[in-house]
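Everything numeric in this text was worked out from a predicted model, so none of it was measured. Per chain, numbering begins at 1; letters A, B, ... match sequence-line order.
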There are 2 protein chains.
Amino acid sequence: MSGEDNLLRLVKADELDENNYHLQDQVGFILRKAHQRHVAIFASHIADLTPPQFAALAKLYDIGETSQNQLGTLIAMDAATVKGVIDRLKARGLVELSKHEVDKRRLLVNLTAEGREAIERLIPLARTITEETLAPLTAKEAATFLRLLAKLA
Amino acid sequence: MSGEDNLLRLVKADELDENNYHLQDQVGFILRKAHQRHVAIFASHIADLTPPQFAALAKLYDIGETSQNQLGTLIAMDAATVKGVIDRLKARGLVELSKHEVDKRRLLVNLTAEGREAIERLIPLARTITEETLAPLTAKEAATFLRLLAKLA
DNA sequence: GCAAATTCATTCGTATGCAAATGATATCAA
DNA sequence: TTGATATCATTTGCATACGAATGAATTTGC
């Protein structure tokens, strides 16, 4: 093959998007942007709590008192991250901490009355946030998307 | 309605998942987990660069020299975030900075020779990362997922 | 029953990510 | 032309996010 033929082949491949790497088509990049958009929508509806903080409260509301570590597992945060989240919720009086009577390694976390009121007040907003996040999709598309996203996560 | 009837109604609603809020079904929570998984896959293949750093290099490789602000727009980072990313790439000699001759507000960013070598070496790995991230899906599912994800992002 | 391995929590360091404030420069409009 | 606006970059503060190291407590394996 001549050099010119080779160049022609490359140009054609470029036109067909076979050779070039396009960041904006990569699943990781789009995933990051979709997540950013969701966080922005969340913040526009719930200004005084972050998504991780909300996740912690919602999970505690769902399952009741649990250890900090177990809570982290349930809301997909490592130990260092969950500690920071719980510290801030504690400082705001939304959760309270106590020592496990039997296993002295464990730090138990539970909602305070104020935390319970907060999460009950916020859950309807969270449903709105989910709706708004999925708004670009039809109901059928949203169902498909959630099914496939769950397989990836 | 009696108290017992009321309780029964609530139990049934719970079974039907109509009344309870399940964090693990919310798009925001699953999106966060999917993103975490992707970042972990990325790190397992490319240990010496983060996804945002890679994005900056890949975009510079694609479009050539541009301003820090413009680069941020293209890779979906705000000004404060892109500054940190570029600072670290500069410290490692992968990009170089210069002042725009005409518009003195602008800071131009470009790949160094080393940066160009790095991104050329890494792009094949990035394709592997994309493949591995999408591995739980069939080819058809992956195509559908990417289409819907792009609509959300 | 005891040493090894595991688990739980904490701390440190590094890297996004964004809001808000600030300063420098450029553009627009009266 | 100049005053109001807008844009570009920086800085600060706060909040995830995670690897690695550490210490305390528990469980396992022999």
Side-chain angles (χ1 to χ4, degrees), chain A residues 28-29 31-44 46-57 66-92 94-95 97-109, chain B residues 28-29 31-44 46-57 66-92 94 97-109 153:
Chain A
F29 183 71
L31 218 38
R32 175 168 148 271
K33 287 213 298 176
H35 181 247
Q36 281 177 354
R37 173 171 168 273
H38 167 75
V39 172
I41 291 171
F42 187 100
S44 74
I46 300 179
D48 58 342
L49 226 50
T50 65
Q53 289 168 2
F54 175 86
L57 295 184
T66 188
S67 74
Q68 192 173 272
N69 221 39
Q70 173 66 9
L71 180 62
T73 299
L74 293 171
I75 60 180
M77 288 178 211
D78 75 2
T81 301
V82 78
K83 183 186 190 315
V85 172
I86 293 303
D87 278 355
R88 285 180 283 278
L89 292 175
K90 178 178 186 298
R92 292 175 52 180
L94 299 176
V95 302
L97 305 179
S98 58
K99 289 176 185 169
H100 192 287
E101 287 300 320
V102 177
D103 187 340
K104 293 177 183 172
R105 293 170 306 180
R106 294 191 199 171
L107 187 63
L108 294 175
V109 190
Chain B
F29 183 70
L31 218 38
R32 177 168 148 271
K33 288 214 298 176
H35 182 248
Q36 282 177 354
R37 173 172 168 271
H38 166 76
V39 171
I41 291 171
F42 187 100
S44 74
I46 299 179
D48 59 340
L49 226 52
T50 64
Q53 289 167 2
F54 176 87
L57 294 185
T66 187
S67 73
Q68 193 173 271
N69 220 38
Q70 173 66 9
L71 180 61
T73 300
L74 293 171
I75 59 181
M77 287 178 212
D78 75 2
T81 301
V82 79
K83 183 184 190 315
V85 172
I86 293 303
D87 278 354
R88 285 180 283 277
L89 292 175
K90 177 177 186 296
R92 292 176 52 182
L94 299 176
L97 305 179
S98 58
K99 289 177 185 168
H100 192 288
E101 288 300 320
V102 177
D103 187 340
K104 293 177 183 173
R105 296 169 304 177
R106 295 189 199 174
L107 186 63
L108 295 175
V109 189

Most 5' of Gln68(B) and Arg106(A) on DNA chain D, judged by nearest nucleotide: Gln68(B)
Interatomic distance, Leu108(A) CG vs dC8(C) P [rounded to whole Å]: 12 Å
Pairs satisfying salt bridge (charged side-chain N to carboxylate O under 4.0 Å, His left out), at least one member in residues 66-78 of chain B, at least two apart: none
Five-pair end axes of the helix from dG1(C)-dC30(D) to dA30(C)-dT1(D), angle between them (10°): 30°
Residues from residues 76-89 of chain A lying under 4.0 Å of DNA chain D - heavy atoms: Asp78(A), Ala80(A), Thr81(A), Val85(A), Arg88(A)
Short side-chain N/O contact from Gln70(A) to OP1 or OP2 of dT7(C), under 4.0 Å: no
Atom pair distance, as rounded to whole Å: CZ in Arg92(B) and P in dT14(C): 14 Å
Residue whose nearest DNA chain C nucleotide is more 5′ - His35(B) or Lys104(B): His35(B)
Partners meeting side chain to side chain contact (heavy atoms under 4.5 Å, CB included) with Ile86(A) (sequence neighbours left out): Ala56(A), Gln68(A), Leu71(A), Val82(A), Leu89(A), Val95(A), Leu97(A), Val109(A)
Heavy-atom pair of closest approach, residues Leu31(B) and Ala34(A): CD2-O, 3.8 Å
Boundaries of the chain A footprint along DNA chain D (any atom under 4.0 Å from a heavy atom): dA15(D) to dT26(D)
Separation between CG of Leu49(A) and CZ of Arg88(A), rounded to the nearest 0.5 Å: 11.0 Å
Length of the CZ-P vector between Phe42(A) and dA19(C), whole Å: 15 Å
For atom CD of Gln36(A) and atom C1' of dC18(C), their distance in whole Å: 10 Å
Sugar-phosphate, base or nothing in reach of Val102(B), heavy atoms under 4.0 Å: sugar-phosphate
Phe54(A): partners by ring-ring contact (aromatic ring centres under 6.0 Å, His included), with sequence neighbours left out: Phe42(A), Tyr21(B)
Side-chain (Gln70(B)) to main-chain (Ser67(B)) donor-acceptor, under 3.5 angstrom: no
Heavy-atom pair of closest approach, residues Ala76(B) and Arg32(A): O-NH2, 2.9 Å
Thr50(B) vs dT16(C): side-chain N/O to OP1/OP2 distance below 4.0 Å: yes
Rounded distance (nearest 0.5 Å) linking atom CG of Asp48(A) with atom CZ of Arg92(A): 5.5 Å
All side chain to side chain contact (heavy atoms under 4.5 Å, CB included) counterparts of Ser98(A), not counting sequence neighbours: Glu65(A), Leu108(A)
Non-neighbouring partners of Asp87(A) that pass side-chain hydrogen bond (donor to acceptor under 3.5 Å, both in side chains), sequence neighbours left out: Lys83(A)
Partners passing side-chain hydrogen bond (donor to acceptor under 3.5 Å, both in side chains) against Arg106(A) (at least two apart in sequence or in another chain): Asp103(A)
DNA chain C: 5'-proximal contact among Val39(A) and Ser67(A) (nearest heavy atom): Ser67(A)
Interatomic distance, Phe29(A) CZ vs dT16(C) C1' [rounded to whole Å]: 14 Å
Contact list for residues 34-44 of chain A, test side-chain hydrogen bond (donor to acceptor under 3.5 Å, both in side chains), sequence neighbours left out: His38(A)-Thr133(A)
Any Arg32(A) side-chain nitrogen or oxygen under 4.0 Å from OP1 or OP2 of dG17(C): yes
His38(B) NE2 - dT16(C) P separation (whole Å): 13 Å
